Amino acid sequence: LALTSDHDQLALDAFWTFASCGGLTDKTAPQFLEHANPDIRRAAVQVLGDQAGLSRSTIERLRQRAATEPDGEVRTLLACTARRLPPHQA
């Protein structure tokens, strides 16, 4: 539902349910980081930033997102997330 709903709030609510159950993983993160809804991209960055020990592939996805992200709020959260990462990952 988070990836297929045309209703922004429903999709965001579905994302939070999915993420709170541990569904946001290295495998699923790219779909949410590329979502058309910036609120979902922002939530995905927030959840990923709160996880300990991000994989190299997830960190690279976050870097790619930061280089191309059109939404200012998502870019801000990406910068805040990068600041919280260990120096060798940021």
Side-chain angles (χ1 to χ4, degrees):
L1 205 55
L3 294 172
T4 59
S5 177
D6 291 334
H7 302 284
D8 288 346
Q9 188 59 51
L10 180 60
L12 186 58
D13 291 345
F15 168 80
W16 281 114
T17 300
F18 181 77
S20 70
C21 294
L24 192 63
T25 64
D26 288 342
K27 187 175 180 178
T28 61
Q31 298 169 335
F32 293 105
L33 291 172
E34 299 297 325
H35 199 280
N37 182 343
D39 293 332
I40 291 180
R41 295 195 306 273
R42 187 171 44 253
V45 171
Q46 180 179 346
V47 171
L48 290 169
D50 288 344
Q51 293 178 357
L54 294 175
S55 71
R56 288 183 189 192
S57 63
T58 297
I59 291 169
E60 184 55 33
R61 291 276 185 189
L62 291 170
R63 284 186 184 135
Q64 291 170 356
R65 186 77 249 164
T68 61
E69 177 56 53
D71 185 84
E73 290 181 28
V74 178
R75 284 194 312 269
T76 298
L77 191 55
L78 282 160
C80 292
T81 298
R83 188 155 192 222
R84 292 180 10 214
L85 294 173
H88 69 280
Q89 291 182 330

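Note that these values count all heavy atoms, side chains included, but never hydrogens, waters or copies made by symmetry. Please read these numbers as outputs of a predicted model, since none were measured by experiment.
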pair L48-L24: side-chain heavy atoms closer than 4.5 Å:
yes
Decide if atom CZ of R56 counts as having more than 12 heavy atoms of other residues, nucleotides or ligands within a radius under 6.0 Å.
no
First locate atom SG of C80, then atom CG of L85, and finally report the distance between them rounded to the nearest 0.5 Å.
11.5 Å
For the atom pair CH2 (W16) and SG (C21), what is the distance rounded to the nearest 0.5 Å?
12.5 Å
Which atom names give the shortest non-hydrogen contact between R84 and G49, and what distance separates them?
NH2-O, 2.6 Å
Measure the CG-NE2 distance between D8 and H35 for me, rounded to the nearest 0.5 Å.
8.0 Å
Any idea which heavy atoms bring V74 and P38 closest together, and the distance?
CG2-O, 3.4 Å
With a 4.5 Å cut-off on side-chain heavy atoms, are T28 and F18 touching?
yes
If you measure from CG on N37 to NE2 on H7, what distance do you get to the nearest 0.5 Å?
12.5 Å
Is there side-chain contact between F32 and L3, with heavy atoms separated by less than 4.5 Å?
yes
From T76 atom OG1 to D71 atom CG, the distance as rounded to the nearest 0.5 Å
8.5 Å
Name the one of R63, R75, R41 that satisfies salt bridge (Lys or Arg N to Asp or Glu O under 4.0 Å) with E69?
R41
How long is the straight-line distance from CG of L54 back to CD1 of I59, given to the nearest 0.5 Å?
5.0 Å
Polar contact flag, side-chain donor to acceptor under 3.5 angstrom, Q46-D50:
no
Exercise: identify the closest heavy-atom pair between A2 and I40:
O-CD1, 3.7 Å
Side-chain (R42) to main-chain (E73) donor-acceptor, under 3.5 angstrom
no
